[in-house]
There are 2 protein chains.
Amino acid sequence: MPRLNSSRASAESGSSEPGRSGLFVHSMPGHLVRRLQQVAVRLFAEEVNGDLTPVQFAALCAISDRPNIGQAALAALIGYDRATMGGVIDRLEQKGLVARVASAEDRRSNALVLKAAGHRMIASVKPKVEAVQKNLLAPLSEVEQRQFEAICLKLLAHHRG
Amino acid sequence: MPRLNSSRASAESGSSEPGRSGLFVHSMPGHLVRRLQQVAVRLFAEEVNGDLTPVQFAALCAISDRPNIGQAALAALIGYDRATMGGVIDRLEQKGLVARVASAEDRRSNALVLKAAGHRMIASVKPKVEAVQKNLLAPLSEVEQRQFEAICLKLLAHHRG
DNA sequence: GAATAATTGTATGTATACTTACAATAAGTG
DNA sequence: CACTTATTGTAAGTATACATACAATTATTC
């Protein structure tokens, strides 16, 4: 039987540039943003090893800033839906960082509060998170860093909905 | 019993700026990137309604460009791990867009190929995806769009690992 | 004040994403 | 050739993310 012509080797020379051609999607902004998010999460995980995920840290900070906030308001504040936030709070509660307290005003709502370990966790993790943010933008000049932040904020402001 | 002082209403005035203060995390690059990715996924879903997810589209394009590529090489090409890619291919196969063919060279490897419906899907979805990319950057000037792409590419180039 | 509408947290289901571990296979070495 | 090492796809487990639907509750309207 003759060797098949459509094997991996021939496929790699089927495109104009075998192994490292541009592949259409690589230039799409959506793809770039996704890859960038992967990098940010990876850097975060490397620095804050195992203690918290980015979302858990954001939730912790928000609860610290707004004690007794409800889950829906918390989700809206940091940009999630209620369903996802429920799971995030579950894990923060399991770790003993956050407590769900019955709200005095709305019997549907859980008033979220930080426990002592939650405050300690923020204090211990915050410097690492700041380092992550600095490292993430480290390849950029100061001008580029400002441009990047301004552009991101502009995009987010125009895509609210 | 006196009314508790730590209810939601008092909490909202506990911070310097009740409902719309900056909350630390809101200025972090990692947070901005995450929100941006959410926007990109949302725009994609609105335009390409239900047919494909962003990852599925990227995989389809990559297989179209490199027929008989294996799952590990595909994952590396578009920036995923093998485990995630397995599930993505599962769904593309279920939809009849892609086939796993036994590789002629490596009996561990699945050679991935597009089926006819896969080619049709790309043709039908590609214009919509291009529209999404345009809409995503629409709030920016042409200069800002170029800056954004350059900055993203610079960041990704420096954070390969 | 009763009927309707809206909101809260939860549950379910789907789809990323990653880690670790695994069996099968391939590639490397002596 | 045997031995070691690396690679392939998969499985299992964890954690986002989102849509939809749901019961309990609150807000609104008549």
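The sequence lines fix the lettering, A, B, ..., with proteins before strands; numbering per chain opens at 1. On a predicted model such as this, the values are computed, not experimentally measured, just so you know.
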Query raised in the report: What pairs meet the side-chain hydrogen bond (donor to acceptor under 3.5 Å, both in side chains) rule with one or both residues in residues 139-158 of chain B, with sequence neighbours excluded?
Result: Glu144(A)-Lys154(B), Lys154(A)-Glu144(B), Ser141(B)-Glu144(B)
Reckon [X] has a side-chain N or O less than 4.0 Å from the OP1 or OP2 of [N]?
| X | N | value |
| --- | --- | --- |
| Arg100(B) | dT10(D) | yes |
| Ser109(B) | dT25(C) | no |
| Gln71(B) | dT10(D) | yes |

Between [N] ([atom2]) and [X] ([atom1]): distance, integer Å:
| X | N | atom1 | atom2 | answer |
| --- | --- | --- | --- | --- |
| Glu46(A) | dA17(C) | CD | P | 18 Å |
| Met85(A) | dA15(D) | CE | C1' | 13 Å |
| Leu112(B) | dT8(D) | CG | C1' | 12 Å |
| Asp106(B) | dT7(D) | CG | P | 12 Å |
| Ile78(B) | dT16(C) | CD1 | P | 10 Å |
| Asn110(B) | dT25(C) | CG | C1' | 13 Å |
| Leu74(A) | dG9(C) | CG | P | 9 Å |
| Asp90(A) | dT8(C) | CG | P | 18 Å |

Sub-3.5 Å donor-acceptor pair from the side chain of [X] to the main-chain atoms of [Y], do we have one?
| X | Y | answer |
| --- | --- | --- |
| Arg120(B) | Lys115(B) | no |
| Ser109(B) | Asp106(B) | no |
| Lys95(B) | Asp90(B) | no |

Kindly give the atom pairs (protein nitrogen or oxygen, nucleotide nitrogen or oxygen) under 3.5 Å for nucleotides 16-21 of chain D.
residue : atom : partner  : partner atom : Å
dT16(D) : OP1  : Thr53(A) : OG1          : 2.5
dT16(D) : OP2  : Gln56(A) : NE2          : 2.9
dT16(D) : OP2  : Arg91(A) : NH1          : 2.8
dT16(D) : O5'  : Arg91(A) : NH1          : 3.3
dA17(D) : OP2  : Tyr80(A) : OH           : 2.7
dC18(D) : OP2  : Asp81(A) : OD1          : 3.2

Output a table of donor-acceptor pairs, distance under 3.5 Å, between side-chain atoms of residues 71-83 of chain A and any protein atom two or more places apart or on a different chain; print 'none' if there are none.
residue  : atom : partner   : partner atom : Å
Gln71(A) : OE1  : Arg100(A) : NE           : 2.9
Gln71(A) : OE1  : Arg100(A) : NH2          : 3.2
Gln71(A) : OE1  : Asn110(A) : ND2          : 3.0
Tyr80(A) : OH   : Arg34(B)  : NE           : 2.9
Tyr80(A) : OH   : Arg34(B)  : NH1          : 2.6
Tyr80(A) : OH   : Arg34(B)  : NH2          : 3.4
Asp81(A) : OD1  : Thr84(A)  : OG1          : 2.8

Requested in this report: Go through the N and O atoms of the side chain of Arg108(B) and the base of dT7(D), and report whether any donor-acceptor pair is under 3.5 Å.
Outcome: yes
Requested in this report: For the residue pair Val39(B) and Leu155(A), establish whether any side-chain heavy-atom pair is separated by less than 4.5 Å.
Outcome: no
**Report entry** Contact summary for Ala117(B) and Gly96(B), nearest pair of heavy atoms
**Finding:** CB-O, 3.6 Å
